[in-house]
Amino acid sequence: MPTNMTGTEPMPRVAFQGELGAFSEMAIRQQWPEGAEAVPCASFPVAVQQVLDGAVDFAVIPVENAIVGPVRVALDALATAGDALTVRAETRVPVHLHLLAPAGATLAGLRDVHSHPVALAQCRIFFARHGWLVSTVHADTAGAARDVAQAGLLTRAAVASDMAAERYGLEIIASRIEDVPANWTRFVVVSLKPT
């Protein structure tokens with residue numbers, strides 16, 4: 001496991017794409033159980049650039065998903081760094097998707113469900129069984145959960161992780177709604193190549 005902690009050294013700073021509560025943050029927690037500062041970034045290129053600029057110690061980047069295969073946009077961001085970065089470790093995070101909504105919401109009362117398009121696509125069976133739900137594309141799962149929590153509407157929900165539910169104070173209306181229960185995403189931990 002990569003670390004720069006030996007008791008008195010500061011906690012490593014780790015960039016990732018998305019908002020707090022994302023599956024990438026789960027990968028960070030898995031990789032650094034003793035703690036790391038998760039640094040949210042707007043995009044994969046921004047997360048990679050944070051490492052190149054020395055603003056963070058590492059970046060955690062998803063490179064493969066069990067259902068959708070290679071995460072091309074993330075791989076492209078890594079490729080732009082050329083040989084300046086090195087892969088220090090990798091970890092696989094189980095992907096379980098939940099329907100999250102503010103306290104007091106019910107499945108029957110929900111209307112729009114926000115999430116990343118890949119997450120929505122991984123819940124097709126659930127949406128087919130609940131035809132009144134309209135899926136709305138969002139930049140990422142955790143950001144969708146944050147926005148749903150901020151709006152506080154009992155008709156609006158998000159598809160995201162249980163970590164996002166906890167972080168943003170949402171209730172899990174339906175658990176593990178993904179089509180394939182064995183879903184996972186593989187992440188790599190990258191840092192600047194030692195000189």
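These figures come from a predicted structure and were not determined experimentally.
- With a 4.5 Å cut-off on side-chain heavy atoms, Trp184 and Val180 do not count as touching.
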- Please lay out, stage by stage, how Leu85 and Leu192 fare under the test side chain to side chain contact (heavy atoms under 4.5 Å, CB included). CA-CA 4 Å; Leu85 298 181; Leu192 283 173; 4.1 Å; yes
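- Applying the salt bridge (charged side-chain N to carboxylate O under 4.0 Å, His left out) definition to pairs two or more places apart or across chains, those involving residues 179-189 are Glu64-Arg186, Glu90-Arg186.
- The minimum heavy-atom distance linking Val60 with Ser24 is given by the pair CG1-O, 4.2 Å.
- Tracing side-chain contacts under 4.5 Å through hydrophobic residues (I, L, V, M, F, W, Y), one never reaches Val51 starting from Val189; they form parts of separate clusters.
- For the residue pair His138 / Asp147, a side-chain donor-acceptor distance below 3.5 Å is found, with atom types taken as modelled.
- Contact of the Thr141 side chain with the Ser161 side chain is not registered, since no non-hydrogen atoms from C-beta on lie closer than 4.5 Å.
- The two atoms that bring Ala139 and His116 nearest to each other are O-CD2, 3.0 Å, heavy atoms only.
- Between Arg129 and Phe127, the closest side-chain pair of non-hydrogen atoms is not below 4.5 Å.
- For the pair Arg176 and His98, the minimum side-chain heavy-atom distance is below 4.5 Å.
- Shown here for Ala59 and Ala47, the closest heavy-atom pair between the two residues is CB-O, 4.0 Å.
- Residues Val148 and Val113 have side chains not in contact (no heavy-atom distance under 4.5 Å, counting atoms from C-beta outward).
- In terms of heavy atoms, Ala164 sits closest to Ala142 at CB-CA, 4.4 Å.
- The nearest pair of heavy atoms linking Trp132 to Ala108 is NE1-O, 3.8 Å.
- The two residues Pro102 and Leu170 make their nearest non-hydrogen contact at N-CD2, 3.6 Å.
- For the pair Arg13 and Asp57, the salt-bridge criterion is not met [side-chain N within less than 4.0 Å of a carboxylate O].
- With respect to Arg167 and Glu25, a salt bridge is recorded, a charged nitrogen being found less than 4.0 Å from a carboxylate O.
- Checked against ring-ring contact (aromatic ring centres under 6.0 Å, His included), Phe126 has the following partners two or more places apart in sequence or in another chain: His130.
- Applying the 6.0 Å contact sphere to CZ of Arg124 captures no more than 12 heavy atoms from other residues, nucleotides or ligands.
- Under the 4.5 Å side-chain heavy-atom criterion for Ile, Leu, Val, Met, Phe, Trp and Tyr, Tyr168 and Ile28 are members of the same hydrophobic cluster.
- Distance check: Gln49 CD to Thr80 OG1 gives 7.5 Å after rounding to the nearest 0.5 Å.
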- Begin from the C-alpha positions of Lys193 and Asp83 and carry the test side chain to side chain contact (heavy atoms under 4.5 Å, CB included) through to its verdict. CA-CA 8 Å; Lys193 189 171 282 187; Asp83 61 357; 3.8 Å; yes
- Query: Does the side chain to side chain contact (heavy atoms under 4.5 Å, CB included) test come out yes or no for Val159 and Leu99, once each step is laid out?
  - Reply: CA-CA 5 Å; Val159 171; Leu99 186 67; 4.3 Å; yes
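- Contact check for Trp32 versus Phe58: side-chain heavy atoms found under the 4.5 Å cut-off.
- When the side chains of ILVMFWY residues are joined at heavy-atom separations under 4.5 Å, either directly or via intervening members, Leu52 and Val73 end up in a single hydrophobic cluster.
- No chain of hydrophobic side-chain contacts below 4.5 Å, direct or via other Ile, Leu, Val, Met, Phe, Trp or Tyr residues, connects Val68 to Val95.
- Taken together through direct or relayed side-chain contacts under 4.5 Å among Ile, Leu, Val, Met, Phe, Trp and Tyr, Phe23 and Met163 form part of one hydrophobic cluster.
- For Glu178 (side chain) and Leu97 (main-chain N/O), a donor-acceptor pair under 3.5 Å exists by modelled atom type.
- Between Glu19 and Asp140, some side-chain heavy-atom pair lies under the 4.5 Å cut-off.
- When side chains are defined from C-beta on, Val190 counts as touching Val87, because their heavy atoms get closer than 4.5 Å.
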- Start with the C-alpha distance between Val63 and Leu78, add both sets of side-chain angles, then the distance that settles side chain to side chain contact (heavy atoms under 4.5 Å, CB included), and finish with yes or no. CA-CA 9 Å; Val63 294; Leu78 288 172; 4.0 Å; yes
